[in-house]
Amino acid sequence: MTKQTLTITDNRTGQTYEIPVQHDTIRAMDLRQIKVKEDDFGLMTYDPGYKNTASTTSTITYISGSKGILEYRGYPIEQVAGSASFLEVAYLILFGELPTREQLAEWENSIRFHTLIHENMKELFEAFRYDAHPMGMLISSVAALSTYYPEAKDVLDAENRLLQIKRLIAKMPTLAAFAYRFSMGFPVNYPDNELSYAGNFLNMMFKMVEPKYRPDPALERALDILFILHADHEQNAGTTAMRVIGSTLADPYSAVAGAAAALYGPRHGGANEAVLEMLAEIGDVKNVPSYIERVKKGEFRLMGFGHRVYKNYDPRARIIKQAADDVFAVTGANPLLDIALELERIALEDDYFVSRKLYPNVDFYSGIIYQAMGLPSSMFPVMFAIPRTVGWLAQWQELLLDPEQAIARPRQVYLGECKRQYVPIDERG
Ligand code: CMC
């Protein structure tokens, strides 16, 4: 049998070290023994952006970037998105197995039970400026929830953790819809617990004066699928933020606020908002080739293209493209779709994109669907944060139960000035 070790020769000293290899990985701490002098700190790795560093083991989500595979707990994304409901997938992601019919009914009930938020929270929303971005409101309001549930700090208690997990999954759509309604100047809608998770969200978003909101079944299912596709994606920036904050044993509301803040950026969950701005700027299919030329010159990036992990077509983008047809059958076509399709067609034939393995990612088509559903682009990152809360919470729980995990505290390579004398202000040149 081949030896599962790595032999390293330090050419500075001529010394050789044998380091165990497990799961194609060496432990960074095994490098610490490699020293020139006895009192050296020991060898470290330098990895800005954690491009080649595994921060954890995990059993939640599997991605093969080269093959374009995404699985939740071993189930291919195509199968769960094709057959399951979002809350069923949430159960799978959180607890590791698909629920039985009874388990699912109990789980759905327990989420419904927690959909309301404290009435005082409305004053928090009212305090925002009239044009506040709903993602800023969502981040702030979920952080504020920690003050309503101070017992959530007891993160090492399993029962307490489960209660906060249910509350967060139940209340995120309510906070999101409240943020939207306040930003539009509309009165808020309370949850309708007779509806599904996605159906109730549409109700809280779009109900006006009708006594009972009945979501269009095609839109409700399309939204459910979009939620499933966004539920988890292993150690991305938002999830890493969740784990970093969680590693300090902060309460999950504060940790979710931090994760959502990471998601807000245009290189992460803010990308679908940027995609729509880009498509609107291109304006017409005939302008696509000149836009691509500018991307290739490095003037800006093609938003919704490229991924740190996928070096193949993002499987979520493929499913979203199908869901788009169902939505457009109800809402009528979005004219931006033609521009998106042309961008994709040209980019996938162009050597710049082919050689860098840049393919459409999940955000390339999701914004077009959300816009067709009547959502302003400022709501797009919010639409990402609602389902991703499930993944954040599953990863947070996994972290807390992992005896190998410790407070996240990376090292640095200091390249600044060496010790020097303080200069009084009058003596500085
Ligand atoms: N358009 C044009 N060129 C690109 C793009 C793009 N969208 N993405 C990467 N490149 C080029 C980049 O300029 C570089 O070229 P070169 O080697 O000549 O310098 C090469 O491809 C590698 O790029 P990188 O920045 O090293 O790749 P990364 O893995 O660090 O970045 C990314 C991944 C998603 C941040 C990046 O592809 C990007 O900025 N994409 C646009 C924003 C976007 O769509 N984000 C959503 C990500 S998916 C949703 C999510 O999970 O949040």
Side-chain angles (χ1 to χ4, degrees), residues 47-53 60-66 68-70 72 77 135 226-243 258-279 281-282 288-321 340 343-370 377 380-392 395:
D47 188 12
Y50 314 120
K51 291 192 178 189
N52 196 38
T53 294
I60 301 171
T61 293
Y62 170 73
I63 301 175
S64 163
S66 56
I69 294 173
L70 169 62
Y72 294 152
I77 189 67
M135 190 63 175
L226 283 161
F227 281 174
I228 292 171
L229 298 181
H230 287 89
D232 193 52
H233 212 232
E234 50 118 308
Q235 310 309 317
N236 52 80
T239 303
T240 298
M242 181 81 192
R243 279 180 173 265
L263 186 72
Y264 196 1
R267 293 213 168 161
H268 192 3
N272 51 7
E273 191 176 352
V275 170
L276 269 232
E277 282 160 15
M278 173 185 81
L279 295 176
E281 191 193 327
I282 296 172
V288 167
S290 58
Y291 195 85
I292 296 256
E293 284 312 308
R294 292 177 66 195
V295 169
K296 285 162 63 179
K297 277 191 208 141
E299 284 185 39
F300 37 70
R301 290 185 172 200
L302 194 56
M303 297 317 287
F305 255 72
H307 199 277
R308 172 64 61 77
V309 179
Y310 291 119
K311 302 302 169 195
N312 200 323
Y313 209 99
D314 181 339
R316 301 169 299 172
R318 217 186 291 280
I319 299 168
I320 287 190
K321 229 170 144 182
L343 264 180
E344 180 186 334
R345 191 187 65 76
I346 297 190
L348 292 185
E349 284 174 357
D350 191 300
D351 186 57
Y352 176 95
F353 296 91
V354 174
S355 62
R356 289 172 179 76
K357 298 191 167 69
L358 299 171
Y359 293 87
N361 60 49
V362 69
D363 286 325
F364 194 64
Y365 288 106
S366 61
I368 303 174
I369 301 187
Y370 288 140
S377 58
F380 298 172
V382 173
M383 300 302 291
F384 199 152
I386 296 170
R388 184 53 58 85
T389 299
V390 166
W392 290 333
Q395 301 268 352

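As a basis for the values below, the full set of heavy atoms in this structure was taken, side chains included, without hydrogen atoms, waters or symmetry mates. Only a predicted model underlies this, so the values are computations on that prediction, with no experimental measurement involved. Note that ligands are numbered from 1 as they come in the structure, with each ligand's atoms numbered from 1 the same way. Counting begins at 1 with the first residue of the sequence.
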*Taking atom 34 (C) of ligand 1 as the reference point, the nearest protein heavy atom with its distance*: G306 O, 3.7 Å

*Within reach of ligand 1, part of L302 (heavy-atom separation under 4.0 Å)*: both

*Side chain, backbone, both or neither: which part of R308 comes within less than 4.0 Å of ligand 1 when only heavy atoms are counted?*
both

*For ligand 1, which atoms sit closer than 4.0 Å to a heavy atom of K51?*
26 (O), 30 (O)

_Protein heavy atom at shortest distance from atom 42 (C) of ligand 1_ = M303 CE, 3.4 Å

*List the steps and the verdict of side-chain contact (heavy atoms from CB on, under 4.5 Å) for L358 and L302.*
CA-CA 10 Å; L358 299 171; L302 194 56; over 6 Å; no

*Using heavy atoms and a threshold below 4.0 Å, how should the contact between F364 and ligand 1 be classified: side chain, backbone, both, or neither?*
neither

*Establish whether atom 22 (C) of ligand 1 and some protein heavy atom are separated by less than 4.0 angstrom.*
no

*Any donor and acceptor pair, going by atom type alone, linking the side chain of N361 with main-chain N or O of D314 inside 3.5 Å?*
no

*Got a donor-acceptor contact below 3.5 angstrom from the N272 side chain to the S366 backbone?*
no

_Aromatic ring proximity F384/H233, centre distance under 6.0 Å_ = no

_Element-labelled atoms of ligand 1 that are located less than 4.0 Å from some non-hydrogen atom of F305_ = 6 (C), 7 (N), 37 (O), 40 (N), 41 (C), 44 (O)

*Subset of ligand 1 atoms that lie under 4.0 Å from at least one heavy atom of G304*: 43 (C), 44 (O)

*Applying a 4.0 Å heavy-atom criterion (strictly less than), which segment of V295 is in contact with ligand 1: side chain, backbone, both, or neither?*
side chain

*asked:* I need the nearest protein heavy-atom contact for atom 3 (N) of ligand 1: residue, atom name and distance, please.
replied: Y352 OH, 3.0 Å

_Quick one, Y365 with E344, criterion side-chain contact (heavy atoms from CB on, under 4.5 Å). Give me CA distance, side-chain angles, the key distance, then yes/no._
CA-CA 10 Å; Y365 288 106; E344 180 186 334; 2.2 Å; yes

*Check whether any protein heavy atom sits under 4.0 Å from atom 27 (O) of ligand 1.*
no

*Considering non-hydrogen atoms only, spot the tightest contact between M303 and A274 and give its length.*
CG-CB, 3.7 Å

*Pull out every atom of ligand 1 sitting under 4.0 Å from any heavy atom of A271, numbered as shown with elements.*
43 (C), 44 (O), 45 (N), 46 (C)

*Under the side-chain contact (heavy atoms from CB on, under 4.5 Å) criterion, do Y62 and L70 qualify, and how do the steps go?*
CA-CA 6 Å; Y62 170 73; L70 169 62; over 6 Å; no

*Identify, for atom 52 (O) of ligand 1, the protein heavy atom at the shortest distance, and state residue, atom and that distance.*
H268 ND1, 2.4 Å

*asked:* Could you check whether atom 30 (O) of ligand 1 has a protein contact, counting only heavy atoms that fall below 4.0 angstrom?
replied: yes

_Taking every non-hydrogen atom, the tightest pair across Y50 and T240_ = CE1-CG2, 4.5 Å

*When you check the gap from the basic side-chain N to the acidic O, do E349 and R345 get nearer than 4.0 Å?*
yes

*Where does the angle between the aromatic ring planes of H230 and Y370 fall among parallel (under 30°), tilted (30 to 60°) and perpendicular (over 60°)?*
tilted

_With a 6.0 Å cut-off (strictly less than), is the heavy-atom count around NZ of K296, excluding the residue itself, greater than 12?_
yes

*Identify the closest protein heavy atom to atom 36 (C) of ligand 1: which residue and atom is it, and at what distance?*
R301 NH1, 3.3 Å

*Can you tell which part of H307 has a heavy atom less than 4.0 Å from ligand 1: side chain, backbone, both or neither?*
both

*Taking every non-hydrogen atom, the tightest pair across L263 and P381*: CD2-O, 3.9 Å

*Considering only heavy atoms, which of D363, L358, V275 lies nearest to atom 9 (C) of ligand 1?*
L358

*Among all protein heavy atoms, pick out the one at the shortest distance from atom 47 (C) of ligand 1; state its residue, atom name and that distance to 0.1 Å.*
N361 ND2, 3.6 Å

*asked:* Under 4.0 Å from a heavy atom of R356: which atoms of ligand 1 are those, numbered in the order shown and with their elements?
replied: 11 (C), 15 (O), 16 (P), 17 (O), 18 (O), 20 (C), 21 (O)

